[in-house]
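Structure first, then comments.
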Amino acid sequence: MKHKVDSRLTRNYGEKSSDDFRQVYREWADTYDHDLVHEFGYQAPQAAVACLRTHLTSLDSTILDMGCGTGLVGQLLHDAGYRTIDGLDLSPEMLAKANGRGVYRSLDEADLAQDLALEPVYDAIICVGVFSHQPSQPFDLAKLFAGLKPDGTLIATVNGKGWHEIGWDELLKKSAHRQGFHIEAISDIPYLSRQHISGKLLVLRP
Ligand SMILES: C[S@@+](CC[C@H](N)C(=O)[O-])C[C@H]1O[C@@H](n2cnc3c(N)ncnc32)[C@H](O)[C@@H]1O
């Protein structure tokens, strides 16, 4: 059975520029948490953080939350006991919400579609809810490895609709081959359960 996806989600699908996303999230920052968590049944942060915890046993680990948004992921990491969490995002309005939680060491603007100035200081990078329908994203994702220590882990989610519609599987393999990273695991996760959209959870290594 086909379910109609809410227009607050579909406006992000199809090819979009960073300016398009900045505009969407400027307008969404105030109601994002309510819409995602309470209306759409957003479960990707829980799934990704549960996975990260199995890879990062030391609470002293340094973590980058890429596309941190309003800080749903940072909050879960903080609740789990991690204390060194940096956040990056495209949207100043979303970053302001994240800042209000008081769980991040630093928060800065950054655009994954542009050059990122990352130093290899993180034990893990987590990127939740950012990847969906952009064919450039499996290749942009590879830029995050610059921020990982040699034995670090990159954990990312992909919207399941985007996964199928743009052929993420093949694009990710191509990106891994080109950039020399390893795909350790790809699993199914609950994503936007009340919108009947599942997700993929990626565990990637340098
Ligand atoms: C669906 S929200 C997910 C936020 C948060 N990770 C969560 O799970 O609630 C997507 C976030 O990705 C950010 N984003 C989109 N494209 C980006 C890009 N090219 N670089 C950095 N952040 C981006 C948006 O500003 C937005 O905050």
Side-chain angles (χ1 to χ4, degrees), residues 5-52 63-79 85-101 103-104 107-118 124-144 146-147 154-163 189-193 195 197 199-202:
V5 178
D6 191 281
S7 61
R8 284 165 286 179
L9 295 167
T10 52
R11 65 184 165 174
N12 292 299
Y13 300 168
E15 286 206 48
K16 303 280 173 205
S17 69
S18 294
D19 282 342
D20 294 333
F21 282 125
R22 234 182 245 106
Q23 175 69 23
V24 165
Y25 287 99
R26 176 178 306 136
E27 290 163 10
W28 209 358
D30 279 339
T31 52
Y32 174 89
D33 286 1
H34 176 268
D35 292 357
L36 269 279
V37 177
H38 299 295
E39 276 198 54
F40 302 152
Y42 186 45
Q43 293 173 50
Q46 283 81 355
V49 169
C51 173
L52 178 140
I63 305 170
L64 174 64
D65 180 7
M66 181 69 208
C68 61
T70 60
L72 293 174
V73 170
Q75 186 69 57
L76 291 173
L77 292 171
H78 188 266
D79 293 348
I85 313 162
D86 295 333
L88 294 175
D89 199 280
L90 191 62
S91 161
E93 291 79 8
M94 296 291 271
L95 284 163
K97 296 284 176 194
N99 191 37
R101 294 179 183 272
V103 299
Y104 289 94
L107 286 164
D108 290 287
E109 275 179 55
D111 181 356
L112 189 54
Q114 303 290 322
D115 285 342
L116 286 182
L118 291 177
I125 299 180
I126 188 164
C127 186
V128 180
V130 178
F131 298 133
S132 182
H133 285 72
Q134 308 291 309
S136 54
Q137 287 174 335
F139 301 94
D140 288 342
L141 168 156
K143 296 174 195 166
L144 293 172
L154 170 56
I155 290 169
T157 66
V158 184
N159 176 306
K161 266 180 81 62
W163 180 270
I189 52 166
Y191 195 81
L192 290 159
S193 57
Q195 289 285 303
I197 298 172
K200 295 287 180 186
L201 181 68
L202 316 180

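Numbering of residues begins at 1 and proceeds along the displayed sequence. What's counted below: heavy atoms across the whole structure, side chains too, no hydrogens, waters or symmetry copies. Just so you know, these numbers come straight off a predicted model, no measurement behind them. Remember, it's 1-based here, ligands and their atoms both numbered in the order they're listed.
In this structure, the ring-ring contact (aromatic ring centres under 6.0 Å, His included) partners of F131, at least two apart in sequence or on a different chain, are W168. The ring-ring contact (aromatic ring centres under 6.0 Å, His included) check on Y25 picks up W28, with sequence neighbours excluded. With sequence neighbours left out, F139 forms a ring-ring contact (aromatic ring centres under 6.0 Å, His included) with no residue at all.
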Exercise. Please walk me through it: do V128 and L72 pass side chain to side chain contact (heavy atoms under 4.5 Å, CB included)?
Worked result: CA-CA 10 Å; V128 180; L72 293 174; over 6 Å; no
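Atom CG of D79 sits in a crowded spot, with more than 12 heavy atoms from other residues, nucleotides or ligands closer than 6.0 Å.
In this structure, CG in D108 is found 8.0 Å from CG in D86, a value given to the nearest 0.5 Å.
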List, pair by pair, the atoms of ligand 1 and of the protein that are both N or O and lie under 3.5 Å apart, giving the separation rounded to 0.1 Å.
residue  : atom   : partner : partner atom : Å
ligand 1 : 6 (N)  : G67     : O            : 2.7
ligand 1 : 6 (N)  : V128    : O            : 2.7
ligand 1 : 8 (O)  : Y42     : OH           : 2.7
ligand 1 : 8 (O)  : V128    : O            : 3.3
ligand 1 : 9 (O)  : Y32     : OH           : 2.8
ligand 1 : 19 (N) : D111    : OD1          : 2.9
ligand 1 : 20 (N) : L112    : N            : 2.9
ligand 1 : 22 (N) : L90     : N            : 3.3
ligand 1 : 25 (O) : D89     : OD1          : 2.6
ligand 1 : 27 (O) : D89     : OD1          : 3.2
ligand 1 : 27 (O) : D89     : OD2          : 2.7

